[in-house]
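Read through the structure below, which is laid out as structure tokens, and then see the notes.
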Amino acid sequence: MAAVTNINLTGLARAMVNRGWLSEEDAEGVWKRASQAGDSFVTELLKGRRFKADQIAEFAAGSFGFPYLDLGAMDPESLPQGLLDAKFVQKRRVIALYQRGSKLYVATSDPTHLQALDEVKFQTGQAVEPVVVEDDKLGKLIDRLVEAADNTMAVMNAEDLNLDFSDEEAADSQPDAGGIDIDDAPVVRYLQKIMLDAINQGASDIHFEPYEKYYRIRYRRDGILFEVAQPPMAIKDKVASRIKVLSRLDISEKRVPQDGRMKLVLSKSRAIDFRVSTLPTLYGEKIVMRILDPTSAQLGIEALGYEAWQKELLLSAVQRPYGMVLVTGPTGSGKTVSLYTCLNILNKPDVNISTAEDPAEIQLPGINQVNVNDKAGLTFSAALRSFLRQDPDVIMVGEIRDLETADIAIKAAQTGHMVMSTLHTNDAPGTLTRLLNMGVAPFNVASSVILITAQRLGRRLCSCKQPADIPEEALLAAGFTADQLDGTWQPYKAVGCEICNGTGYKGRVGIYQVMPITDAMTRIILKGGNEADIADQARREGVLDLRQAGLLKVKAGLTSLEEVEAVTNM
């Protein structure tokens with residue numbers, strides 16, 4: 001490798017030279033060797049045995065004003081799980097320590113390594129605060145975390161899953177499985193590996209799909225399906241039976257769809273729920289597992305991607321004593337997370353919150369959650385009637401599907417309760433038309449609905465993004481105004497690297513249309529105005545549609561123009 005010349009020392013290296021700890025020549029030599037070996041400056045410096053790790057850590061903390069932490073006092077099980085993948089942690093020598101509000105505190109031996117900190121920010125979408133630690137202890141902890149990620153699935157047995165029920169009890173309650181050995185150890189370990197890998201990679205769904213000549217497994221990451229494995233055809237029935245046992249489904253019934261649920265406890269502080277759906281196909285049962293992480297509702301509203309004024313409008317609405325707030329969007333657009341984020345804000349000892357869902361996707365202590373069961377007569381409308389006799393303050397309905405549910409929810413909103421729910425419509429103005437088409441009287445809509453938010457999820461650009469050369473005409477055609485093209489910002493494009501698995505995107509960002517129902521809109525509704533009339537009034541009042549809101553994310557460098565055009569296709 002060619003020698004590195006003309007080094008411009010910065011950060012910790014420059015500080016050590018200025019303080020007289022290193023000569024310019026020595027610092028440059030350490031920097032060159034670190035670059036050639038692919039190590040950090042601190043790691044390479046410690047190899048010379050001239051300094052001790054604690055000396056460097058104390059110097060870095062004191063010089064740059066960051067807190068200093070002894071990693072030896074940290075319990076590895078208390079560290080946040082799933083925020084940073086093992087490869088990234090190993091490459092950048094950073095570890096997520098803990099979260100506080102919208103801030104993520106990160107352990108590093110070099111707080112001036114801005115590239116690593118910026119990549120953490122892009123991966124997590126949170127503000128990053130470095131905490132200085134000793135490099136040798138950091139390396140040991142990273143090795144432990146990487147080893148645990150590699151070996152957890154191989155050594156984990158059925159008891160390690162800490163499921164809510166034992167396999168024996170579930171198996172005893174099942175009819176004969178036709179000779180399938182559901183406790184086949186290799187299949188158990190393989191399924192566990194698939195589940196944990198999906199969690200570590202940030203997948204939202206796992207698809208097990210049997211076909212005539214092959215069997216494949218796919219993950220949905222950032223809204224896109226990726227094939228991850230093609231296991232032998234011989235294990236498809238064993239995998240299906242294992243999943244059905246853990247989900248308490250009937251393993252002998254393969255002719256009709258079934259729905260179930262399982263829980264996986266990763267540590268004392270983190271558990272993951274899986275919602276399981278089976279579907280009979282020509283060549284066996286297709287199974288989809290939706291990964292439900294309760295921590296997604298506890299990240300805080302700042303992490304969702306609302307613009308500042310949108311956040312203020314939403315918080316002001318949900319904190320009112322009564323009224324109805326509706327969240328709209330297609331399946332997988334993050335409606336449930338948005339609602340539960342609001343519920344988490346309202347979840348206080350003096351507030352009685354009840355929810356009716358099909359099923360409850362995120363479980364939060366302090367909230368009374370009810371799973372709808374149509375077969376047993378526990379419908380959304382029946383649950384709502386019961387809620388009104390339970391002295392509620394806040395009611396959340398998973399989805400308004402029919403006139404009966406809509407009428408009860410609206411009456412609850414009119415009689416001193418805050419009601420939140422979802423609808424499947426394309427945008428906020430279309431929600432009012434949908435309610436009217438259901439048969440809800442215009443005066444009931446006008447007197448109950450106080451705010452509607454429509455949303456989409458776009459893929460967030462990875463830190464490997466690069467400036468995009470987009471003609472001004474194309475930007476104007478996409479929806480930007482001439483005033484916005486003032487030359488003070490730069491659009492970016494997806495590139496691809498190891499961190500994002502070559503896709504150019506890592507994580508997702510919300511795109512929102514937040515429309516408060518004003519007096520002018522109320523008059524339009526009462527006069528029988530249509531969706532177009534409401535949309536025109538919303539534009540006059542400065543409400544951004546989904547495309548305009550998405551273009552703000554492009555302007556902020558959070559996503560690409562192509563992604564916004566794809567998710568806000570108008």
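Only heavy atoms go into these numbers, but all of them, side chains included; no hydrogens, no water, no symmetry mates.
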_For the student: nearest non-hydrogen atoms of S448 and Q414, plus distance_ = CB-CG, 4.1 Å

_Heavy-atom pair of closest approach, residues L403 and G439_ = CD1-C, 3.6 Å

_Please give me the minimum heavy-atom distance between A494 and T503, naming the atom from each residue._
CB-O, 4.0 Å

*Please examine the side chains of Y512 and L304, heavy atoms only from C-beta on, and report whether any two atoms are closer than 4.5 Å.*
yes

*For residues F387 and I408, determine if any side-chain heavy atom of one lies less than 4.5 Å from a side-chain heavy atom of the other.*
no

*Can you name the one residue among I353, V351, N352 that meets side chain to side chain contact (heavy atoms under 4.5 Å, CB included) with I367?*
I353

*Applying the side-chain hydrogen bond (donor to acceptor under 3.5 Å, both in side chains) test to T568, which of E563, Q513, R456, R547 qualifies?*
R547

*asked:* Using side chain to side chain contact (heavy atoms under 4.5 Å, CB included), reason through F208 and M289 one step at a time and then give a plain yes or no.
replied: CA-CA 8 Å; F208 299 85; M289 303 173 69; 3.4 Å; yes

*Does any N or O in the side chain of T415 come within less than 3.5 Å of the main-chain N or O of A412, such that one atom is a donor and the other an acceptor?*
yes

*Are side-chain heavy atoms of I224 and R459 found at a separation under 4.5 Å?*
yes

_4.5 Å side-chain heavy-atom contact, S560 and K493_ = no

*Ring centres of Y105 and Y98 under 6.0 Å apart?*
yes

*Which atoms form the tightest heavy-atom contact between A478 and L561, and what is the distance?*
CB-CD1, 3.7 Å

*Listed by chain and number, what are the ring-ring contact (aromatic ring centres under 6.0 Å, His included) partners of Y505, not counting sequence neighbours?*
none

*Could you walk me through whether E531 and N426 pass side chain to side chain contact (heavy atoms under 4.5 Å, CB included), step by step?*
CA-CA 11 Å; E531 179 179 338; N426 289 328; over 6 Å; no

_side chain to side chain contact (heavy atoms under 4.5 Å, CB included) partner of L313, the single match among V318, V543, T453, L451_ = L451

*Is atom CZ of R434 surrounded by more than 12 heavy atoms (other residues, nucleotides or ligands) closer than 6.0 Å?*
no

*Look at the side chain of T278 and the backbone N and O of Q258, then say whether any donor-acceptor pair between them is shorter than 3.5 Å.*
yes

*What heavy-atom pair brings I287 and A240 nearest, and what distance separates the two atoms?*
CD1-CA, 3.6 Å

*Nearest heavy-atom neighbours spanning I400 and L423*: O-CD2, 3.1 Å

*Is any side-chain heavy atom of M324 less than 4.5 Å from a side-chain heavy atom of I410?*
yes

_Residues E307, K553; criterion salt bridge (charged side-chain N to carboxylate O under 4.0 Å, His left out); working and verdict_ = CA-CA 9 Å; E307 303 294 338; K553 308 301 182 186; 3.2 Å; yes

*Hey, does the side chain of K335 reach the backbone of G329 with a donor-acceptor pair shorter than 3.5 angstrom?*
yes

*With the side chain counted from C-beta on, respond yes when M515 and D427 share a heavy-atom pair under 4.5 Å apart, and no when they do not.*
no

*Is a side-chain N or O of N347 found less than 3.5 angstrom from the main chain of P365, in a donor-acceptor match?*
yes

*For atom NZ of K555, is the number of surrounding heavy atoms from other residues, nucleotides or ligands below 6.0 Å larger than 12?*
yes

*List in chain and number order the residues that pass ring-ring contact (aromatic ring centres under 6.0 Å, His included) with Y211, two or more places apart in sequence or in another chain; answer none if no residue qualifies.*
Y214

*When rounded to the nearest 0.5 angstrom, what is the spacing between OG1 in T379 and CG in D402?*
7.5 Å

*side-chain hydrogen bond (donor to acceptor under 3.5 Å, both in side chains) assessment of D486 paired with T488*: CA-CA 6 Å; D486 54 10; T488 61; 2.7 Å; yes

_Donor on one side chain, acceptor on other, Q455 and S338, under 3.5 Å_ = yes

*Test D536 against R539 for salt bridge (charged side-chain N to carboxylate O under 4.0 Å, His left out), laying out the working first.*
CA-CA 5 Å; D536 288 340; R539 277 192 291 272; 2.2 Å; yes

*asked:* Counting C-beta onward and ignoring hydrogens, is there a side-chain heavy-atom pair between T341 and N344 closer than 4.5 Å?
replied: no

_Is there a side-chain contact between T355 and L364 in this structure, where contact means two heavy atoms from C-beta onward sitting under 4.5 Å apart?_
no

